Amino acid sequence: MRQLQFILILLITAYSFAQNTGTIAGKLIDKEYNNEPLPFANVLIKGTTTGTTSDIDGLYTFEDLEVGTYTLVFSFVGYETQEINAVVVAGEVTTVNVTMMASAAALDEVVLEPVTARKESENALLLDQKKAVTIKQSIGAVELSRKGVSDAAGAVTKISGISKQEGGGNVYVRGLGDRYLNTTYNGLTLPANDIEKKNMDLNLFSSDVIQNVGVSKTYAANFYGDFAAGNVDVVAKEYTGDFFLDVNLGSNFNSNAIGENFVKSEGTGYFGFYNRYRNNPYAVILSHGVDPQNIDGASGIEGSISGGKSWQLGEESRLSVFATAAFGSSFEYRRGQFANVTAAANQIFQDSEEFEFSRNTTAMANVVYRINNDHKIKFNSLFINDATDEVGRFGIDGRGYNRNTIADNDDFGFFTQNVQFEQDMIFVNQILGTSTINEKLKLDYGLGYNNVLARQPDRKRIALERFENTLDNDPSTNAIFYRNVDFDNQRYFQNIEDSEFNARVNLSYEQSENLKFNFGYNGRIKERTFDNQRYGYEIINPFTEIEDVNNLDAFFSIENQGVLYNTSVFRPLPGLERENLPGQVENAYKGNLNVHALYADATYQIGEKWSLVPGLRVEQFNQEISYDVINLSFNNPGSNDATETFFLPSLNVKYALTEDQNLRFSASRTVSNPEFKEVAPFVYENVTDRIGGNPDLLNDPAFSTIVNLDLKYEWFINRGEIFSIGLFNKTINDPVNLVSANDATGTQRFFRTGDRADVFGIELELRKRLIKDEDDNSILSAGMNITYTSTKQDLKTVSGTFNTNFNKDSDELQGASPILINADVSYSPTFGEYKPVANLVFSYFSDRIDALGSGQLGNIVEKGVPTLDFVWKNTINKNFEINASVKNILNPTIERVRENVSFDTTLANDLGLNSNLSEFALSSYKRGVNASIQLKYKF
């Protein structure tokens, strides 16, 4: 329709001025971007001040030109500037269509790769959103930089209907959590880095490696069938141009951490590496103690270096290389309440502290070889090392409560010290390519291999009683070791390895301008291995005192082994005893996942208004889990598996109300398959909670079926401006929820909790430029998106390997926030070469269920959190930037609560609480305000 209107205007113009003038008009095509229209390019009549910019459809026009010959100059950042002569004839339209291409040889300054620039800019991504046949939203590197977003998890929360778990990288889309979401990298799947997650932590993808992050909320046949909330695709940066080098240096601090004497796990390096993995755990125990070690300072550092270069190889071939490496560290100190309240085992620490020292190292290399205009191949390699030292001291006021204490009748004075180091090393390698076979056939393919090593080496956990004695300044009174079972004081070692091969191939066939077909395959072969080992410290004598709680190594020395304590293993080596000897793996499981699918869809354009995309996916799913874990019934089979074939239809419809307004509809059937973390019955024990899997999830039914419906109106008001409103509905059959199981410990496990869950929601988004300069650049702009989600599921009693017993018939869906809000205001004036940008960014999610309650236990609820950040970017000149940010300005209390808690009267009085509470805090603390400053220089 846009092109038709354009032609009519030209005809009328030509007729009106046929006697004296003529017109030059045309369209700019982007050769680097699949021959799509190139918007926002500059077109100038050489030797004059007359110029224009191509519109969102790549069209430009010069009217009322006198008869004669003109030289047009076409330019776009990162593309080769072209000069073309055009002759104006009276009363006629001279058409000049130009195909723009990038050429490293033609560039005389450092620029981003042109395709990258398009995929990073807000305007270009809005153009993609407008033209897309599915409901998709993206945020690019330009917007990430402007809003001071440092990683992919922060990026997606700026998109409507999305929030993340506070303090972590778990992402919630439209109220649905980790298990309903997929994450891909350049269109290929990624393994999880954490035993408790399905998806890789998006916090691990620093903005240095991100070109853009796209979220597809509606299903299409090329996505894996395990789809409900959406698919998050992180696209890696590319580069084309002359040699460049960027260097960033910065520092950060946390308001809570200032002035604290920070401690970390002994044996870990500053850059987040641990060098004892090859040693037997027992050898580590004998040679290294349990005390944390001091670390100087509490301010983090940030640094990165990026570089790239292109080489033109002949007329059509080009080799481009981009590489980046970054390191960042940060400190966080939390103080507050941590507790576990179950049916029979209360543990309450009203005053506790946690020291967290985090490091992240990222390195990426991207090599792109454009063989010619029709063929391109790319190799991408990504390495991430994410490491966290965490030292927790629970019950530092001497009032820690444990129902099972040995030495004191009132159960107070309990203390736990937990020192642990977690390291995730992720290796991602991909080969990607595109080929234009002929005018009708195009091939797009990818092959990847991922490997994740997620380790928790040598966690040290020590429990004491009568801790109040350490606070009374009386050397004759001391704390004593808690001595109930051998593993109350322990060393713990855990290893996870994920390896995955994945592939995709798509063949598109363009039968005509109005009809295009896609035929494809994608699949993945994934394997996970897990093992853990514990060594308990068996305190030989009851009521053994510890004189200095800050020098536990003096007690747990080699000389005292066999005298004051023994080490103990749950599973001794064959022929050996349990005490003071190495042991074997305590728990282990192995999981295999195989998914292979064929799909087909068609994009059918009916006139200028309608676009229809019907699709069908046939997917075969096989999952197996075998395990050898403690604390299961003797007749448990130790394995389970499921095999299914899914037929998944989809339909996406777009109706162009006008050239700037779309109405979209989507309907699909998808599934939700269980993850290894959900089916492996191993229980991970934190200080104040326990989480484990449930192999019964692979029984009939082994999956959840989901019906998805979406309706959305969007209006692309102007450049960089949008208004949209959408409705969505999902029906989930046999949903899975995390539940506090019906047992004394209140262990949280995964269950199929009912027959059906219904999700209904509405999304509203507005992005507007409030003040613009004479060149139509934004000076003051604002954006907001609000999502309301209503969920309801029926609940039923579950019996099997583990049991639940709900005291109500229905509840909200786990992980669903009824209200999500994201908003930002950006101010970007220009003073010569000085171009500051100030951003105020706000986000909020309302209360959501973290785990359903069962039996006498109420729900665990994550309380709503508002977040306010200020980001100030200062471009001093084309080479130098000074950037600063202040994040978490509101510093809200982060809380998880258990609903409907009852205490006996004596305990309630001792705690200073009522005996019956509508909610009780399982964790409650403030994270502090984070401030940082960065210096950036472009060579």
Side-chain angles (χ1 to χ4, degrees), residues 2-3 5-7 9-10 23-63 65 70-86 88 93-131 138 140-143 211-212 238-242 310 318 320 370 373 659-660 716 718-721 769 772-778 830 878:
R2 175 69 180 168
Q3 284 80 358
Q5 292 176 337
F6 171 68
I7 293 171
I9 292 171
L10 294 184
T23 298
I24 299 177
K27 185 175 185 178
L28 298 184
I29 300 298
D30 189 347
K31 183 64 178 178
E32 304 290 337
Y33 198 43
N34 301 320
N35 292 321
E36 289 284 330
L38 178 63
F40 320 129
N42 296 315
V43 186
L44 178 70
I45 298 179
K46 189 173 183 179
T48 74
T49 58
T50 302
T52 187
T53 302
S54 58
D55 67 11
I56 202 166
D57 293 308
L59 303 175
Y60 74 94
T61 305
F62 290 106
E63 299 176 341
L65 296 177
Y70 296 85
T71 299
L72 303 183
V73 181
F74 301 88
S75 63
F76 185 71
V77 174
Y79 284 64
E80 184 178 78
T81 298
Q82 298 189 42
E83 294 187 4
I84 297 178
N85 293 329
V88 174
V93 177
T94 300
T95 301
V96 181
N97 296 327
V98 179
T99 298
M100 302 288 287
M101 296 173 54
S103 175
L107 300 179
D108 57 4
E109 62 180 27
V110 174
V111 295
L112 284 175
E113 194 270 343
V115 178
T116 302
R118 290 195 58 191
K119 291 183 179 180
E120 289 182 352
S121 72
E122 295 173 67
N123 295 327
L125 291 172
L126 279 179
L127 173 63
D128 282 346
Q129 181 179 333
K130 176 184 176 182
K131 291 181 173 293
S138 300
V142 173
E143 190 173 356
Q211 183 166 277
N212 66 64
E238 297 178 21
Y239 174 81
T240 294
D242 281 346
S310 291
R318 183 176 66 234
S320 302
R370 191 178 76 179
N373 292 338
E659 63 183 42
D660 297 319
F716 298 88
N718 209 327
R719 179 180 174 184
E721 300 178 347
R769 295 184 298 167
K772 297 175 285 187
D773 62 19
E774 62 273 11
D775 296 322
D776 202 36
N777 295 313
S778 176
T830 300
K878 67 179 182 178

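For the numbers below, each heavy atom of this structure counts, side chains included, while hydrogens, waters and symmetry mates do not. Keep in mind that what you see is a predicted model, and the values were worked out from it rather than measured.
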Applying side chain to side chain contact (heavy atoms under 4.5 Å, CB included) to Ile84 and Val98, what does each step give before you reach the verdict? CA-CA 9 Å; Ile84 297 178; Val98 179; 3.5 Å; yes

So, using side-chain contact (heavy atoms from CB on, under 4.5 Å) as the criterion, who are the partners of Ser75 when residues are at least two apart? Asn42, Thr81

Hey, are the side chains of Asp30 and Phe76 touching, using non-hydrogen atoms and a 4.5 Å cut-off? no

Asn97 (side chain) donor-acceptor with Lys27 (main chain) under 3.5 angstrom: yes

Ignoring hydrogens and geometry, is there a side-chain-to-backbone donor-acceptor pair from Glu63 to Ala25 under 3.5 Å? no

Looking at residues at least two apart in the chain, or sitting in another chain, which of them share a side-chain hydrogen bond (donor to acceptor under 3.5 Å, both in side chains) with Thr71? Asn85

With sequence neighbours excluded, residues passing side-chain contact (heavy atoms from CB on, under 4.5 Å) with Val88: Ile24, Leu65, Tyr70

Counterpart residues, side-chain hydrogen bond (donor to acceptor under 3.5 Å, both in side chains), relative to Glu83 (two or more places apart): Lys46

Between Glu721 (side chain) and Arg769 (backbone), is there a donor-acceptor pair under 3.5 Å? yes

Taking only residues two or more places apart in sequence, or in another chain, which ones meet Asn373 in a side-chain contact (heavy atoms from CB on, under 4.5 Å)? Lys31, Met101, Glu316, Arg370

Here the gap from Leu72 atom CG to Thr52 atom OG1, rounded to the nearest 0.5 Å, amounts to 11.5 Å

Nearest heavy-atom neighbours spanning Tyr60 and Val96: OH-O, 2.8 Å

When you measure from the side chain of Ser54 to the backbone of Leu38, do you find a donor-acceptor pair of N or O atoms at a distance under 3.5 Å? yes

Distance col, row Thr94:OG1 vs Phe62:CZ, nearest 0.5 angstrom, shows 12.5 Å

